[in-house]
Structure formats: structure tokens, C-alpha cells
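Single-structure report; data block below.
Heavy-atom basis, side chains included; hydrogens, waters and symmetry copies ignored.
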Amino acid sequence: MCETSVPTRNLALELVRVTEAAAMAAGRFMGRGDKKAADQAAVDAMRLVLNTIDMDGIIVIGEGEKDEAPMLYNGEHVGTGEPPQVDLAVDPIDGTRPVANGLPNAIATVAVAPRGTMFDPGPFVYMHKIAVGPEARGMIDVEAPVEVNLRRIARVKGKDVRDLTVVILDRPRHEKLIAEVRRLGARIRLIPDGDVAGALMTAWPDSGIDVLLGIGGTPEGVLAACALRAMGGEIQGKLYARNEDELRRGQEMGYDFDKVLTMDDLVASNDVFFAATGITDGELLRGVKYTGDGARTYSLVVRGLTGTVREVIAFHRLEKLRRFSPVDY
């Protein structure tokens, strides 16, 4: 894409309103055991605010096709229709189970990039991933053995492998990966869901996380790539087929399951914007805090072009919001 056509307005400062709204709406359902209700509340709030932003947006990564998802669906147009023309990746709740069960690290996220620059995974929603922060950028290889990657990361960070903390999704498919990391002596932080947050933790100094490994969501990989571009980190991936039929369909559609997807493959522009707001407390962000007269939110706001990462703490007076908003905060 021609650099003169990319958006120059800092959309991230407007996108944080989107993730704040989604987080406050979803936060009401923390620990109530209803993933679907929490997700619907976050989606409704996110869509409402997205459509107030001056942009001609198309959702490239949402929650399925229009006929399959009553949520923010792939191909949905959002914004006022005014320039700039952009693609969006949205995850109203990265970690629906943590919200439903009152567990850590659930966040609301959205990313924006110039039209045509985001990787579209189509129906293939899983990928092998490795993500690191700035110190280990350029030192990782998603195709290399775990031991090679961990030793490289430890070396450039001036640590022993035993000092590293690896974040991995707690899934049966990771049984061998977990055993290998344990054999090498590294520490492990298992997470039930939310590997966007897991990837971002690697680039957040206070999180204590050094690397994310394992098979997770492809849409979440694109969202993480948008943020890590600005945060100085790196993510690599390879599409993962769950069975032979999925592999065959992917190959027929032109997807290469052997290709290493770099940062540039996942989002082919530096002029990206990313916002995330905590729903439940975690290493990356604190969750929504409700008081008698309002709610406090904690967000990250990222702009790729300048590399600026902002922390935003906001207090929302819910009584005033309810006067004009159809969303139940």
C-alpha cells in the first residue's frame, strides 16, 4: 500500500473508547458463569462506539461470517464511512472463560490497519506461535526446537533458561510442549484463555513473562502482531490444521500451512493502532473496578507509526453514561 494513503490521525486514542465500553459491559458478568451473555454485552458496546468513529472500516477478523455470527462478523462495515479506509481486527473479550469464571487476564481488544494490510486467515483459526519482547526480537524461529528458542532468548536477556517464564495456553494439545519446557527447567505460566494478553505480556516489563509458545488462535495472532509492532516485540506463526480435511481445504483455497508468517505477513504496515482494556485483573492490565458512582478502567493504547505505548486510566460516571447510552454499564 502506498504510504501516502495510510491514516495519519491517531485512531488509537479513539479506539480506547471502544475497548473501555466493551470491558465495562462485560465486566458486569464476571464470575456469573455465562460466557455468551458476557460476549454479547461486550459486542453490543463495542459496535455502538465503533460506529461513532470517523473511519471507513471493514472487519477482517471478527467472530465468523455474517450468517454464522450475530456478533461483529467478518466483512461488517463499521465507522461513519468517512476516510480513512481501514481494516479491523476485534476481540470483544479475549478470554470469555476467565470472565465467566472470575479468572485473570481477560481483556477487550481492537486493532486497526490501512485497508488490505491485515492477514485474513479465513476459516483457519489456529496457528503455531512464538512471541517475545524487544530484547529477544530477531532471535526466535517458530520452526526451531523449543530448546533452541529458549536458549537464544535466555542468552540475549542475560539469563539462564531456568530464569525464563513461558506462557502457554492450558490445553491437552500442549502436553508434550509443557513436558519439554519443564525438562529444560524454565518456569511456566499456564493460562486458561487469552493469548492476546499472553503475547503482549512478553513486551510488558512488569509482567515477568519472557516468551509465549504453543498453538493458539490465528485472529489473536494478528491482534498481537499489531500491538507488538509498536511495543518492539516479535511474533511468528504457522497455520495449524486440526485434521486432514482442514489441511486439504486450506490448500485448495491457496493457504500455505508450511509458510512461516512473520510480523510483516500478519500486518503489512507500521501505521497500525491497537487498544486493550482490562476486564479482569491480570499481569498486563487491571480489570474494571466498580464503585458506587462509576467505574474505573485500565487500558493500553498503542500506535505503530511512532512506537508510542500509553497507559490510560479512566473514571466513568455511569449515571451520566446511562442518560444517552443504550448499553447497560
Show which side-chain atoms of residues 211-231 pair as donor or acceptor with protein atoms under 3.5 Å away, not counting sequence neighbours.
residue, atom, partner, partner atom, Å
T218, OG1, F124, O, 3.3
T218, OG1, V125, O, 3.4
T218, OG1, Y126, N, 3.2
T218, OG1, Y126, O, 3.2
R229, NE, S269, O, 3.3
R229, NE, N270, OD1, 3.2
R229, NH1, D264, OD1, 3.0
R229, NH1, V267, O, 2.7
R229, NH2, D264, OD1, 3.2
R229, NH2, N270, OD1, 2.7

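Other residues, nucleotides and ligands place no more than 12 heavy atoms under 6.0 Å from the CD atom of E244. Atom CZ of R322 has more than 12 neighbouring heavy atoms from other residues, nucleotides or ligands inside a 6.0 Å radius. Remark: R28 CZ is packed, more than 12 non-hydrogen atoms of other residues, nucleotides or ligands lying under 6.0 Å away.
There is no side-chain donor-acceptor pair under 3.5 Å between R303 and T308. For the residue pair T109 / D91, no side-chain donor-acceptor distance below 3.5 Å is found, with atom types taken as modelled.
Residues V166 and V142 are members of one and the same hydrophobic cluster, defined by side-chain heavy-atom contacts under 4.5 angstrom among Ile, Leu, Val, Met, Phe, Trp and Tyr. When the side chains of ILVMFWY residues are joined at heavy-atom separations under 4.5 Å, either directly or via intervening members, V112 and M46 end up in a single hydrophobic cluster. Transitive grouping of hydrophobic side chains (ILVMFWY, heavy atoms separated by less than 4.5 Å) keeps I178 and I209 in distinct clusters. With hydrophobic clusters built from ILVMFWY side chains whose heavy atoms lie under 4.5 angstrom apart, F273 shares a cluster with V78. Both L285 and I191 belong to a single network of hydrophobic side chains, linked directly or stepwise wherever heavy atoms of I, L, V, M, F, W or Y lie under 4.5 Å apart.
Residue V288 comes nearest to A23 through the heavy atom pair CG2-O, 3.6 Å, listed as atom of the first residue, atom of the second, then distance. Of all heavy-atom pairs spanning P192 and L103, the tightest one is CG-CD1, 4.2 Å.
The pair K289-D281 meets the salt-bridge criterion, with a side-chain N (NZ, NE, NH1 or NH2) lying under 4.0 Å from an Asp/Glu carboxylate O. In this structure, E180 does not pair ionically with K176, as no charged nitrogen and carboxylate oxygen lie closer than 4.0 Å. The pair D160-R162 meets the salt-bridge criterion, with a side-chain N (NZ, NE, NH1 or NH2) lying under 4.0 Å from an Asp/Glu carboxylate O. Between D193 and R171 a salt bridge is recorded (basic side-chain N to carboxylate O distance below 4.0 Å). Between D163 and K157 no salt bridge is recorded (no basic side-chain N to carboxylate O distance below 4.0 Å). A salt bridge is defined here as a Lys NZ or Arg NE, NH1 or NH2 lying under 4.0 Å from an Asp or Glu carboxylate O, and D56 with R115 meets this definition.
Y240 OH to E246 CD: the interatomic distance, rounded to the nearest 0.5 Å, is 9.0 Å. With rounding to the nearest 0.5 angstrom, the CD atom of Q40 is 9.5 Å from the CZ atom of F29. To the nearest 0.5 Å, atom CZ of residue R248 and atom CG of residue N243 are 9.5 Å apart. With rounding to the nearest 0.5 angstrom, the CG atom of L88 is 6.0 Å from the CG atom of L50. Atom CD1 in I140 sits 12.0 Å away from atom CD in E143 (nearest 0.5 Å). Note that the OG1 atom of T291 and the CZ atom of R317 stand 8.0 Å from one another [nearest 0.5 Å].
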